[in-house]
Amino acid sequence: MYYIGVDLGGTNIAIGLVNENGKILKKGSVPTKADREPDEIIKDMAALCLDLIKEEGIAVGDVEYAGIATPGTADHDSGYVVYANNLPFLNYPIAAKLTEFSGIKKVLVENDANAAAKGEAEMGASKGCNDSLMITLGTGLGGGIIIDKKVYSGFNYAGGELGHTVIEVGGRQCSCGRKGCWEAYSSATGLINMTKDKLAEDKDTIMHKMVEEEGKVS
C-alpha cells in the first residue's frame, strides 16, 4: 500500500509518497503562491502528487489515500478548510478538489499542527507518550494537542490554535483580525513585520541598505 502526505504551507507545498511502514519513497515541493485562487493552488498540489506517483512507477489507484495537513481550521469530517489566515480558503472543499484534480479517491484533511503533533506521537519525538503538545513555527504559528493519544480539536476544530492566543492585550495586529496574538510576534511573518517596523524607524543601518538591495525583508 502507498500513501501520500501533503504539507500545505503559506510559502511551500511539500509532498511525500510513503509505504505502509511510513518510509518516505519520494518527496518534492513547489511554491504555494498563496495570492492565487484556491483551485490553482490545489492543481499544483495534484500535479506534484502525480509526478511522485509516476517517478515511483506506480498507478494512482495504488495510493490508498492522501492526507493534507493545512493551516487554519480544518473540518476533518467534511474535508473542508473552514478558514485559513495565510491562504485564500474559506469553506473550501479541499479534499474533494484534490480528488478531482489528481484522481486519488480518498483524501483526508487535518490542521497542519494537529497532523504534525499526531505524526510525532506515532513515529517521532513523543512516541510512547499519552499526552503531548507541539508548536509549529513557519509562515504562521500553530499548536497541536494530543490527549490520551488522540488529537484534541475542540468543538469547532480549532482547539489547538495556540498561535491565536492573545499574549499582549491591544498588541500587534494579527492576520486573523485580532491584536496581540502569539503568531503576530513569533511566526516568520511576525518577525518580518517587526523588522520592517524597526527599519522604518532607523534608515541609517547596514540592514536597511541590505534590504534595499534585496528588495524585501525575508
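Position 1 is the first residue of the sequence; numbering continues from there.
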Check whether any side-chain heavy atom of [X] lies under 4.5 Å from a side-chain heavy atom of [Y], and answer yes or no.
X	Y	value
L25	Y2	yes
V60	I104	yes
K33	D35	yes
C49	L17	no
K209	V211	no
I13	D7	no
L108	I68	no
P71	N86	no

Determine, for [X] against [Y], whether the closest basic-nitrogen to carboxylate-oxygen distance falls under 4.0 angstrom.
X	Y	answer
K26	D51	no
E122	K118	yes
D44	R36	yes
K43	E40	yes

Write down the atom of [X], the atom of [Y], and the distance for their closest heavy-atom approach.
X	Y	result
G79	V109	CA-CG1, 3.3 Å
A115	A69	CB-CB, 3.8 Å
L87	G10	CD2-CA, 4.2 Å
T136	A116	CG2-CB, 4.1 Å

Assigning hydrophobic clusters by single linkage (Ile, Leu, Val, Met, Phe, Trp, Tyr; side-chain heavy-atom cutoff under 4.5 Å), is [X] placed with [Y]?
X	Y	value
V6	L50	yes
M194	I167	yes
I42	I4	yes
M134	I147	no
L52	I24	no

If you measure only the distance, is there a donor-acceptor pair under 3.5 Å linking the side chains of [X] and [Y]?
X	Y	result
S78	D75	yes
N111	H76	no
T139	T11	yes

*Assess whether side-chain hydrogen bond (donor to acceptor under 3.5 Å, both in side chains) is satisfied between Y185 and E168, documenting all intermediate values.*
CA-CA 10 Å; Y185 296 89; E168 184 170 341; 3.2 Å; yes
Please determine whether the number of non-hydrogen atoms from other residues, nucleotides or ligands lying under 6.0 Å from atom [atom1] of [X] exceeds 12.
X	atom1	value
Y152	OH	no
E37	CD	no
M207	CE	no

Using a 3.5 Å distance criterion without hydrogens, assess whether the side chain of [X] forms a donor-acceptor pair with backbone atoms of [Y].
X	Y	value
D148	K150	no
E120	A125	yes
S186	E183	no
N21	K23	no
Q173	G177	yes
S102	A46	no
N114	A117	no
E110	T70	no
R172	G190	no

Distance in Å, [X] [atom1] paired with [Y] [atom2], rounded so as to fall on 0.5 Å steps:
X	Y	atom1	atom2	result
S218	L191	OG	CG	11.5 Å
S29	L48	OG	CG	7.5 Å
I94	I41	CD1	CD1	8.5 Å
T165	L141	OG1	CG	9.0 Å
K196	N193	NZ	CG	6.0 Å
W182	S187	CH2	OG	11.0 Å

*Mind running ring-ring contact (aromatic ring centres under 6.0 Å, His included) on Y92 and Y80 for me, showing each step along the way?*
CA-CA 5 Å; Y92 181 72; Y80 275 63; 8.1 Å; no
*Between Y65 and Y3, does the ring centre distance come in under 6.0 Å?*
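Yes, they do, as the ring centres are separated by less than 6.0 Å.
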_Cluster companions of Y157 among Ile, Leu, Val, Met, Phe, Trp, Tyr (side-chain spacing under 4.5 Å)_ =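 None; Y157 is a cluster of one.
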*Please step through side chain to side chain contact (heavy atoms under 4.5 Å, CB included) for the pair C174 and K179, ending with a clear verdict.*
CA-CA 6 Å; C174 181; K179 290 186 176 181; over 6 Å; no
*Apply the test side chain to side chain contact (heavy atoms under 4.5 Å, CB included) to residues L98 and M45: give CA-CA distance (whole Å), side-chain angles for both, the deciding distance (0.1 Å), then the verdict.*
CA-CA 8 Å; L98 183 57; M45 181 189 294; 4.1 Å; yes
*Output, in order, the C-alpha distance, side-chain angles, deciding distance and verdict of side chain to side chain contact (heavy atoms under 4.5 Å, CB included) for V166 and R178.*
CA-CA 8 Å; V166 173; R178 303 172 78 186; 3.5 Å; yes
*Going through the distances and angles, do N12 and V30 end up as a side chain to side chain contact (heavy atoms under 4.5 Å, CB included)?*
CA-CA 6 Å; N12 293 298; V30 292; over 6 Å; no
_Just to verify, which of I15, T32, V81, D112 counts as forming a side chain to side chain contact (heavy atoms under 4.5 Å, CB included) with L8?_
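For L8, the side chain to side chain contact (heavy atoms under 4.5 Å, CB included) test succeeds with only one of I15, T32, V81, D112, which is T32.
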